[in-house]
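Taking it in order: structure first as structure tokens, then the write-up.
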2 protein chains.
Amino acid sequence: MSGIKPSSLAVDIRRVAAEAEVSIATVSRVLNNPDRVSPQTRERVLETATRLGYRPNPNGKRLRKGRAETIGLVIPSPPGRFADSFFLELLAGLGEGLSDAGLDLLVATCPPGSEELACYRRLVEGRRVEGLVVARTRRQDERITYLLEQNIPFVSHGRCDLITTPYPYLDVDGQQGFYIATQHLLHLGHRDIAFIGAPHELNFAAHRLAGYRQAMSEARIPIRPEWLLEGDLSEKSGYQLSQVLLEPPEFPSAILCANDLMALGVLRALRERGLKGGQEVSVIGYDDIPQAQYTDPPLSTVHQPFRDTGKRLVEMLLARLGGVAVSRLQEVWVPELVLRGSDGPPQT
Amino acid sequence: MSGIKPSSLAVDIRRVAAEAEVSIATVSRVLNNPDRVSPQTRERVLETATRLGYRPNPNGKRLRKGRAETIGLVIPSPPGRFADSFFLELLAGLGEGLSDAGLDLLVATCPPGSEELACYRRLVEGRRVEGLVVARTRRQDERITYLLEQNIPFVSHGRCDLITTPYPYLDVDGQQGFYIATQHLLHLGHRDIAFIGAPHELNFAAHRLAGYRQAMSEARIPIRPEWLLEGDLSEKSGYQLSQVLLEPPEFPSAILCANDLMALGVLRALRERGLKGGQEVSVIGYDDIPQAQYTDPPLSTVHQPFRDTGKRLVEMLLARLGGVAVSRLQEVWVPELVLRGSDGPPQT
DNA sequence: GCACACGATGTAAACGTTTTCCATAAACTA
DNA sequence: TAGTTTATGGAAAACGTTTACATCGTGTGC
């Protein structure tokens with residue numbers, strides 16, 4: 001019951017003050033407002049502080065300042081295995097900027113669904129975080145509305161098209177990304193382009209679909225409804241849906257997938273049928289996950305700079321915490337089409 | 001500079017006390033030692049607390065209790081892309097148990113190398129966490145020695161063979177895993193089994209290699225040094241190393257890979273050379289990552305229950321925090337060989 | 001030489017809890 | 001009935017900071 005006793009008592013501000021023969025106020029000032037104390041005492045305090053290895057107790061500080069000094073990220077963790085490298089990359093990007101700013105990163109995981117909002121509530125209403133990053137937005141996202149309602153600083157990775165109240169976001173333009181990708185296929189001569197989309201509640205699903213639609217419509221090519229599918233972003237789902245696509249006597253000459261994982265599934269299905277990806281059927285994914293370079297053929301895809309995104313999200317959140325207006329914290333980045341081996345002209 | 005003002009003032013313990021017409025001490029007792037207060041006042045306090053939506057300020061509590069109520073995990077984030085789903089799975093497992101225990105999870109990311117220890121120092125000496133989980137241990141792991149020296153509770157995912165001081169760990173027996181896997185190949189009739197290992201500083205690298213060695217030695221088959229390679233766990237590395245393996249006129253009939261990612265690379269190399277994995281060359285990986293089910297052929301591998309591992313790690317850390325002896329917190333799990341399509345009898 | 005500002009530091013009051021003491025009252029024991 | 005335990009709840013002291021305010025020289029302008 002007693003637990004573990006710390007090896008040595010931690011040194012607190014009093015100790016430093018006593019040792020440096022100043023008041024604790026001065027010690028605090030040296031650390032927080034260095035210019036408000038004379039150079040000689042500042043030096044002396046600084047010296048004793050480092051000598052004693054003084055580290056301000058974060059809880060004392062947080063209590064006094066009324067700040068959590070922590071930002072939160074909740075990661076959905078579906079049952080079963082999930083390898084969404086997206087979140088890991090985002091995490092790496094976030095971590096980089098945060099520790100510099102002296103903020104901690106609190107990560108919560110929760111099964112997607114009804115418990116998700118409860119998880120946000122715990123962080124926000126329990127005052128455990130002073131800001132949040134929300135990722136993988138849905139078209140109508142209860143998390144965003146909740147956070148807006150609570151008036152707590154946050155930044156969103158991705159927009160929510162159905163929410164009109166302004167909020168800070170950083171999005172990568174999925175419509176533009178797939179507009180370019182589709183145009184590329186069209187220029188190669190494709191006309192029979194199928195589309196495997198993402199779950200329609202996800203905001204980016206609509207965007208990527210819109211890009212495809214826009215390019216097709218501009219080229220005056222009608223979209224065949226049976227070639228417009230919706231997957232669940234998993235490799236398996238891409239595999240299964242392409243079975244359907246490849247079944248009829250006439251099948252598409254190109255398949256656009258809303259993410260790379262599904263594209264991987266499509267490539268596997270092609271391989272099984274003895275079809276060469278990039279020759280008999282072109283495939284283009286979205287995200288540029290690490291494996292995309294190593295598929296057979298290497299996957300052409302739309303690159304998302306997840307890590308840079310994470311870094312920028314931190315900057316934006318910091319700005320928001322500093323009081324920068326929401327209107328100045330809305331960014332949309334243009335993604336880049338990276339061509340590898342899985343696309344080519346249609347075979348005649 | 002002013003930042004954002006909270007929409008409403010948070011309700012504190014005083015407010016609840018006033019409203020319920022008791023002292024703040026009683027309110028605190030109701031929440032922490034419910035049986036030390038009479039049923040009727042307890043009910044009254046509870047009612048007003050929920051009515052007002054009272055949530056104890058974690059920083060007040062932490063300061064008073066001298067506990068961080070937070071455990072830490074530092075994730076190495078090498079520059080460039082890293083898709084180590086391992087950490088994400090672990091995270092999911094950890095998260096599950098932690099929030100139940102009322103503990104927060106602080107995640108830090110840092111580039112591997114010299115900065116890593118500094119990151120641990122920040123968490124420990126800055127009293128930001130009251131316990132840690134360390135993962136992916138090295139044979140001689142400075143993190144472990146540091147934490148032992150600081151006498152701060154932690155649990156390790158994986159052992160450090162070169163550290164003799166006892167410490168709490170949960171490991172999956174890599175030696176046993178690859179012993180079984182190698183035996184399986186031997187029973188199938190293979191004699192020419194190559195091994196692509198992990199970086200030798202990693203602790204599990206030694207174990208997995210030992211399992212392979214043990215089985216080979218028991219079968220009295222000498223190991224050809226040119227078939228004993230070391231990769232860096234990436235898909236690319238597996239691909240490149242298998243180029244070397246497959247080059248000579250006589251090449252191995254089976255390749256054992258210290259992780260699945262490298263096995264994926266081997267499968268790709270095989271495919272490029274028109275060799276069928278599981279027929280011309282058997283391949284067995286380690287980890288059982290999600291993609292393993294979807295490779296061509298599906299990858300036979302040694303399953304690691306990452307999520308369960310994470311859950312158990314939390315239990316162990318909680319026990320450690322509660323004062324359970326280290327000797328009772330050392331577990332080694334036996335992994336399971338899962339056979340899919342990438343292994344088969346050697347071709348004669 | 002005097003009022004006054006100013007720079008440097010100390011004093012003390014928060015921040016929101018938990019917990020150790022007490023005080024009271026009620027309920028047993030002898 | 002006196003004395004002793006027991007249940008209940010209040011008062012107040014922490015926990016380690018930051019910061020508003022007070023203090024005290026010291027130099028400046030006139």
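Each chain gets a letter, A, B and so on, in the order its sequence line appears, and its residues count up from 1.
For the pair B/Glu130 and B/Lys65, the salt-bridge criterion is not met [side-chain N within less than 4.0 Å of a carboxylate O]. A/Arg51 has a carboxylate O that lies under 4.0 Å from a charged side-chain N of A/Glu47, or vice versa, which qualifies the two as a salt bridge. By the 4.0 Å N-to-carboxylate-O rule, A/Asp104 lies close enough to A/Arg62 to be salt-bridged with it. Under the 4.0 Å criterion applied to side-chain N and carboxylate O atoms, A/Arg139 and A/Glu201 are not assigned as salt-bridge partners.
Direction change of the helix axis from one end of the helix from C/dG1-D/dC30 to C/dA30-D/dT1 to the other is 40°, with five pairs defining each end axis (rounded to 10°).
Look at CZ on A/Arg36: it is 12 Å from C1' on D/dC21, rounded to the nearest Å. Following rounding to the nearest Å, A/Arg44 (CZ) and C/dT9 (P) show an atom-to-atom distance of 8 Å. Per the geometry, CZ belonging to A/Arg62 stands 13 Å off P belonging to D/dT17, to the nearest Å.
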Give each protein N/O atom lying under 3.5 Å from an N/O atom of nucleotides 16-19 of chain C, with the pair distance.
unit_1, atom_1, unit_2, atom_2, d
C/dG16, N2, B/Gly60, O, 3.3
C/dT17, OP1, B/Tyr54, OH, 3.0
C/dT17, OP1, B/Asn57, N, 3.1
C/dT17, OP2, B/Ile13, N, 2.7
C/dT17, O5', B/Tyr54, OH, 3.0
C/dT18, OP1, B/Asn32, ND2, 3.1
C/dT18, OP2, B/Ser28, OG, 2.7
C/dT18, OP2, B/Asn32, ND2, 3.3
C/dT18, O2, B/Arg64, NE, 3.4
C/dT18, O2, B/Arg64, NH1, 2.2
C/dT19, O4', B/Arg64, NH2, 3.2

B/His157 and B/Phe86: ring pair (Phe, Tyr, Trp, His ring centres under 6.0 Å), yes or no, with the steps?
CA-CA 11 Å; B/His157 180 265; B/Phe86 159 59; 5.3 Å; yes
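With sequence neighbours excluded, no residue forms a ring pair (Phe, Tyr, Trp, His ring centres under 6.0 Å) with A/Tyr54.
Contact detail for A/Glu96 and A/Arg307: the closest heavy-atom pair is OE1-CD, 4.1 Å.
Proximity of B/Ser38 to the phosphate of D/dA7: no side-chain N or O atom is located under 4.0 Å from OP1 or OP2.
Residues B/Thr137 and B/Asp141 bring no donor and acceptor atom of their side chains to less than 3.5 Å of each other.
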